[in-house]
There are 2 protein chains.
Amino acid sequence: MKLKIIIKKEESFMPWRDGTGPPWLEGKFKGCGFRLTVPRQAILDVLAGTAEHLSAEDIYLKVHKVHPAIGLTTVYRTLELLVQSGMVFKFDFGDGRARYELSENPKGIGHHHHLVCTRCRRIIDYQDFIDEEKDLLQKTERGLSKKYDFHITHHVIQFYGVCRECLGC
Amino acid sequence: MKLKIIIKKEESFMPWRDGTGPPWLEGKFKGCGFRLTVPRQAILDVLAGTAEHLSAEDIYLKVHKVHPAIGLTTVYRTLELLVQSGMVFKFDFGDGRARYELSENPKGIGHHHHLVCTRCRRIIDYQDFIDEEKDLLQKTERGLSKKYDFHITHHVIQFYGVCRECLGC
DNA sequence: CTTGATAATGATTTTCAGTTTCATTATAAT
DNA sequence: ATTATAATGAAACTGAAAATCATTATCAAG
């Protein structure tokens, strides 16, 4: 009996994004041994339907409007699952809470990085220079992987500073 | 009398690191209207005397050994001051606590970036590829500053993944 | 050396994002 | 339908960080 559990765990662990598994989209949830339940679908919908940088509570509130029964706990749990699986990125912009973003946005709000204003906490997404960055990052990743035997799964680049509005005062 | 206060405030505000002021080292504390007190000196000493990535509480404990009277509150406050002034960098490596590093380490443990193992939370500092990174970053910063009227004060690059030790199991 | 204005400190309290627990419910396979 | 297991949510808990506030240290001016 116990053995069976272990085997199941192995099966559902393999395709995860600790580097080896391919990232998968919404429909492929089940392929990893997870169930695409109503709460999980609702949370994905919220993430897919916004370009903002939502916190767990933001997401909870949005989900709550449609499905009042879904609790904050589930939101946290699901987000962790999504982050672990590579479907969602988790960011820290320096205020006390984490922000979440779909890693592959269906609406084609492609890959971007962030400018963070340390005064007003505004976040500016930018896509310029991404190509050059990507280039360097890939090179760096290869070098680092080799030198440190480190299997890189993802990276964060963020610029901090003062935005236009805050500079003007 | 009130006017006098306002002038003082302005004087101590100017040299800060919201971009315009030059960064300054330990001795230059007073130049910004701040007092280099015993607790502050002690905290700086701890930061200068380690290559680790200490949390606020780590720092508190180390300071506490030498100066048992210095409280956790002061550590938090001082760290915030140091971060605001640009003397110290604050990092988030994904565990629940912030980590602090002197931005210009006197021991010449020059500028570096971080590899974060998401399994064991080990942090690897690396300096390789920094030059290439610096190049690109400067270019990017210039471009972004211009396009978005954003005054960039600093940046964070971090790679996440699984380290050698954790890969082996 | 006082004195007075102000900045800094530290004990304590409070906050609040995030976790854990656990009893219950939903799901998928047999 | 039955059973094994995964998912859920209410509530209690945790812990890092911030806020409060009475006290103390510092510095500049007389």
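Residue numbering restarts at 1 for every chain, and letters A, B, ... go by the order of the sequence lines.
- Contacts classified as salt bridge (charged side-chain N to carboxylate O under 4.0 Å, His left out) and involving residues 56-70 of chain B (residues at least two apart or in different chains) are given here: Asp58(B)-Arg99(B).
- Of the residues in residues 60-70 of chain B, Ala69(B), Ile70(B) come within less than 4.0 Å of DNA chain C through at least one heavy atom, sorted by number.
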What does nucleotides 19-24 of chain C look like as a protein-contact string, B for base, S for sugar-phosphate only, - for none, at under 4.0 angstrom between heavy atoms? BBB---

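- Of the candidate nucleotides dT8(D), dA7(D), dG18(C), dT8(D) has the atom lying nearest to any side-chain atom of Thr78(A).
- Every residue was checked against the salt bridge (charged side-chain N to carboxylate O under 4.0 Å, His left out) condition with Arg77(A), not counting sequence neighbours, and none meets it.
- Tyr126(B) has its ring centre no less than 6.0 Å from the ring centre of His112(B).
- Comparing dT9(C), dG18(C), dT8(D) by their closest approach to the side chain of Arg40(A) singles out dT8(D).
- Residues meeting the ring pair (Phe, Tyr, Trp, His ring centres under 6.0 Å) test with Tyr160(A), sequence neighbours left out: His154(B).
- Arg122(A) pairs by the salt bridge (charged side-chain N to carboxylate O under 4.0 Å, His left out) definition with Glu165(A), not counting sequence neighbours.
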Quick one: which protein N/O atoms are closer than 3.5 Å to N/O atoms of nucleotides 24-26 of chain D? Pair and distance per line, please.
unit_1	atom_1	unit_2	atom_2	d
dT26(D)	O2	Arg35(B)	NH2	3.4

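- Residues meeting the ring pair (Phe, Tyr, Trp, His ring centres under 6.0 Å) test with Tyr60(B), sequence neighbours left out: His64(B).
- Judged as a salt bridge (charged side-chain N to carboxylate O under 4.0 Å, His left out), the pairs with a partner in residues 148-159 of chain B (not counting sequence neighbours) are, in order, Arg164(A)-Asp149(B).
- Hydrophobic clustering, defined by side-chain heavy atoms of Ile, Leu, Val, Met, Phe, Trp and Tyr closer than 4.5 Å, groups Leu136(B) together with Leu136(A).
- Between the axis at the start and the axis at the end of the helix from dC1(C)-dG30(D) to dT30(C)-dA1(D) there is an angle of 30°, using five pairs per end and rounding to 10 degrees.
- With rounding to whole Å, Leu79(A) atom CG is found 15 Å from dA7(D) atom P.
- You'll find the side chain of Ile152(A) reaches within 4.5 Å of the side chain of Leu115(B), heavy atoms only.
- Applying the salt bridge (charged side-chain N to carboxylate O under 4.0 Å, His left out) definition to pairs two or more places apart or across chains, those involving residues 128-140 of chain A are Asp128(A)-Lys147(B).
- When all heavy atoms are compared, the tightest approach of Thr74(B) to Ile43(B) is O-CD1, 4.1 Å.
- In this structure, His114(B) has its ring center at least 6.0 angstrom away from the ring center of His155(A).
- Note: Phe91(A) and His53(A) fail the aromatic proximity criterion, with ring centroids not under 6.0 Å apart.
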